[in-house]
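All ligand and atom numbering here is 1-based and tracks the order in the structure. The figures here come from the full heavy-atom set of this structure, side chains too, leaving out hydrogens, waters and symmetry mates.
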Amino acid sequence: MRQSSLVVVANRLPIDDSVAPDGACEWRRSPGGLVGALHPLLRHTPATWVGWAGGAGSAPALPDVDGVRMHTVALSRDDLRDHYEGFSNATLWPLYHDAVEQPQHHRRWWEAYQRVNQRFAEATAEVAEQGGIVWVQDYHLQLVPGLLRALRPDLRIGFFLHVPFPPPELFMQLPRRAELLRGMLGADLVGFQRAQAAHNFAQLVTKVLELPATDRRIGIDDRVVRIGAFPVSIDTAEMAALAARPEVAARARRLRRDLGDPRQVILSVDRMDYTKGIEQRLKAYSELLASGDVKVRDTVLVQVAMPSRERVGQYQILRERIEREVGRINGEFGRVGEPAIHYLTQPFDRAELAALYRVADVMAVTPLRDGMNLVAKEYVAARVDGAGALLLSEFAGTAAELPEAYLVNPHDLEGLKQGLCAALRASPTDVGQRMRAMRAYLHQHDIRAWARSYLSALDEAGALINRLASTDGTLDGAARVPAPATPAASPATHHAGG
Ligand code: ADP
Ligand code: G6P
């Protein structure tokens with residue numbers, strides 16, 4: 001078995017098997033922000049990515065993807081049902097997102113979660129070089145750091161949670177809360193999106209495990225585990241370069257024509273998830289149409305909602321409700337050839353997404369709760385023309401970093417309607433000033449700056465940075481990216497250690 005000095009462990013691999021229209025099996029980029037952030041970062045790095053390939057049954061052997069070795073972990077049908085759909089996405093996911101849907105608890109799911117985490121830990125132990133670095137990602141694998149440390153105490157282990165980490169009163173509902181916390185403490189560094197999450201974690205460790213903890217350090221056995229906030233980002237330069245291509249600009253112009261040359265286009269791009277606030281947004285839009293504040297001929301809404309976790313009951317119900325509501329709104333307010341909402345559930349390639357971002361006068365990103373929300377950052381990066389208004393939920397991790405967005409509380413329907421009208425009616429000067437500030441921030445705080453701040457905290461000597469690729473367009477940029485902001489310079493970011 002070939003071994004790597006850097007191993008990334010995530011439930012999903014960056015590619016996913018899917019069936020092409022002609023019935024052939026093809027591979028495509030996996031959905032979601034985790035893959036979107038890590039894949040461009042690792043490209044051409046001699047690393048191994050341990051993960052699941054998206055189907056049930058034996059683990060397919062995959063070729064390297066952009067120079068990164070793929071090491072697949074098999075999930076059986078029962079594992080999928082109980083670990084992925086069950087404990088990960090029907091217990092932890094809703095609980096970590098403010099319990100906007102009711103978290104469910106089943107003992108069988110917990111057993112599967114332990115079993116699958118053990119399998120990931122064993123697979124990782126096989127492919128990590130002696131003394132190597134392992135970077136475990138997200139809520140599906142919270143036990144892996146502890147299990148891996150037991151198997152391979154020589155490794156340097158990092159854990160990063162891409163989703164929110166809930167306040168103690170919610171986390172305390174979990175029957176196996178102590179085991180989950182202890183699992184994460186197997187890491188040398190536990191990273192979160194926001195400082196509040198690190199604070200919640202420290203409080204829980206003190207309360208549940210009775211260990212000495214601050215918002216930066218936790219003592220366990222004879223070790224110190226460092227914790228901190230590292231807001232994840234995107235490859236800003238890559239998205240900007242893509243959006244600036246003449247063919248993307250031309251595509252954006254064509255899209256506008258195809259939409260009937262409206263005065264204004266509102267865009268939303270979401271994985272179809274109840275955390276994203278799609279229903280609340282549709283309700284606000286429908287009320288604005290009913291009151292005449294927004295008129296179909298002037299304005300169109302393009303709602304991209306890519307289906308997700310389709311076998312989980314709460315997601316099936318959500319999709320049915322959204323589709324019924326889109327149908328109702330189009331039936332009531334649309335005209336022949338002029339729907340009120342253009343509703344699309346297809347996956348798009350990056351160039352098409354960039355063209356959509358460029359055509360959107362207002363981008364509405366209004367989740368009820370979101371760890372980060374990279375779509376908001378992609379929109380800002382794509383606005384190379386300096387135009388475009390970002391309507392952003394206060395409950396997205398991004399809001400702490402982009403206070404120049406038009407911020408709204410998506411639970412407040414009147415506030416949401418007012419925010420949408422404010423963004424639609426804002427002066428080009430105001431829109432331009434806000435967009436300039438957000439673009440400047442994102443050019444500094446891109447995905448490389450994120451990796452640098454996390455990995456240098458993990459490897460204090462900073463030697464790890466040198467193990468990452470220096471090919472153009474990848475982490476080479478790390479050398480040119482200014483050092484990550486200090487807590488004083490950026491209130492959203494507080495780094496562990498120091
Ligand atoms: P989450 O991780 O919860 O899905 P994010 O906003 O952080 O939310 O990340 C979503 C990612 O998925 C973004 O990179 C976005 O570009 C991508 N994405 C969303 N919808 C589509 C789609 N229809 N086709 C292709 N990519 C999509
Ligand atoms: C979020 C999670 C990721 C997950 C992604 C897509 O970004 O933080 O871990 O991969 O959603 O969800 P899926 O269930 O399709 O992997």
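- A donor-acceptor contact under 3.5 angstrom links the side chains of T275 and D273, judged on distance only.
- For H140 and F120, the distance between ring centers is not under 6.0 angstrom.
- Against a heavy-atom cut-off of under 4.0 Å, H140 is close to the following atoms of ligand 2: 9 (O).
- Q118 and E122 form a side-chain donor-acceptor contact under 3.5 Å, judged by distance and modelled atom types alone.
- Contact check for L161 versus D138: side-chain heavy atoms found under the 4.5 Å cut-off.
- Contact atoms of ligand 1 toward G33: 1 (P), 2 (O), 4 (O), 7 (O), 9 (O), 10 (C), 11 (C) (distance under 4.0 Å to a heavy atom of the residue).
- Contact annotation: for V304 versus ligand 1, heavy atoms closer than 4.0 Å belong to the side chain alone.
- No more than 12 heavy atoms of other residues, nucleotides or ligands shown are found within 6.0 angstrom of CZ on R311.
- Proximity annotation for atom 1 (C) of ligand 2: of R309, M372, E85, H162, R309 comes nearest, heavy atoms only.
- Every atom of ligand 2 is numbered from 1 in the order shown, and the set under 4.0 Å from a heavy atom of Y84 is 13 (P), 14 (O), 15 (O).
- For the residues V35, N89, D138, the heavy atom positioned nearest atom 3 (C) of ligand 2 is part of D138.
- In terms of protein heavy atoms, atom 22 (C) of ligand 1 is closest to M306 SD, 3.5 Å.
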Side chain to side chain contact (heavy atoms under 4.5 Å, CB included) evaluation trace for L170 with Y96: CA-CA 8 Å; L170 275 180; Y96 285 12; over 6 Å; no
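- Of all the heavy atoms of D349, none lies under 4.0 Å from any atom of ligand 1, so neither backbone nor side chain is involved.
- Summary of contacts: the protein heavy atom closest to atom 26 (N) of ligand 1 is L353 CD1, 3.6 Å.
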Determine, step by step, whether F87 and R176 satisfy the side chain to side chain contact (heavy atoms under 4.5 Å, CB included) criterion, reporting the C-alpha distance in whole Å, the side-chain angles of both residues, the deciding distance to 0.1 Å, and the verdict. CA-CA 11 Å; F87 197 79; R176 310 311 286 262; 5.6 Å; no
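- At under 3.5 Å, a nitrogen or oxygen of L374, whether backbone or side chain, sits near a nitrogen or oxygen of ligand 1.
- Scanning all protein heavy atoms for the shortest distance to atom 25 (C) of ligand 1 gives F348 O, 3.1 Å.
- When each of Y113, W93, Y84 is checked for a ring-ring contact (aromatic ring centres under 6.0 Å, His included) with Y139, only W93 meets the rule.
- Heavy-atom distances between Q346 and ligand 1 reach below 4.0 Å in at least one pair.
- When each of W450, W135, F230 is tested with F160 by the rule ring-ring contact (aromatic ring centres under 6.0 Å, His included), just one qualifies, namely W450.
- Listed by number with element, the atoms of ligand 1 under 4.0 angstrom from any heavy atom of E378 are 13 (C), 14 (O), 15 (C), 16 (O).
- Distance from atom 16 (O) of ligand 2 to its nearest protein heavy atom, with residue and atom name: R12 NE, 2.5 Å.
- Contacts with ligand 1 closer than 4.0 Å are made by no heavy atom of M372, backbone or side chain.
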As a quick check of understanding, evaluate side chain to side chain contact (heavy atoms under 4.5 Å, CB included) for M372 and K377, giving each step before the final call. CA-CA 9 Å; M372 178 51 58; K377 291 189 173 180; 3.6 Å; yes
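- In N373, the parts holding a heavy atom less than 4.0 Å from any atom of ligand 1 are both the side chain and the backbone.
- In summary, the atoms of ligand 2 found under 4.0 Å from a heavy atom of L34, numbered by their order in the structure, are 3 (C), 7 (O), 9 (O).
- Every atom of ligand 1 with a heavy atom of V269 under 4.0 Å away is listed here by number and element: 19 (C), 20 (N).
- For an aromatic pair to be called close, the ring centres must be under 6.0 Å apart, and F201 with F192 satisfies this.
- Below 4.0 Å from some heavy atom of G33 lie the following atoms of ligand 2, by number and element: 7 (O).
- Remark: among candidates K276, R271, E352, R350, the nearest residue to atom 17 (C) of ligand 1 is R350, based on non-hydrogen atoms.
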I'd like to know whether E179 forms a side chain to side chain contact (heavy atoms under 4.5 Å, CB included) with L174, so could you lay out the CA-CA distance, the side-chain angles of the two residues, the decisive distance to 0.1 Å, and finally the verdict. CA-CA 10 Å; E179 285 95 323; L174 281 168; over 6 Å; no
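- The distance criterion of under 3.5 Å between nitrogen or oxygen atoms is not met by S308 with respect to ligand 2.
- With salt bridges taken as basic N to acidic carboxylate O contacts below 4.0 Å, none links D446 and R452.
- Geometric assessment of R177 against the ring of F171 yields a negative cation-pi assignment under the 6.0 Å and 45° thresholds.
- For atom 6 (C) of ligand 2, the closest non-hydrogen atom on the protein side is P31 O, 3.6 Å.
- Near R271, with a cut-off below 4.0 Å to any heavy atom, the atoms of ligand 2 are 6 (C), 11 (O).
- Among G36, G397, G32, the residue whose heavy atom lies closest to atom 11 (C) of ligand 1 is G32.
- Contacts with ligand 2 closer than 4.0 Å are made by side-chain heavy atoms of V163 only, the backbone lying farther away.
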Run E325 and K283 through salt bridge (charged side-chain N to carboxylate O under 4.0 Å, His left out) and show every step you take. CA-CA 8 Å; E325 189 58 5; K283 189 161 174 50; over 6 Å; no
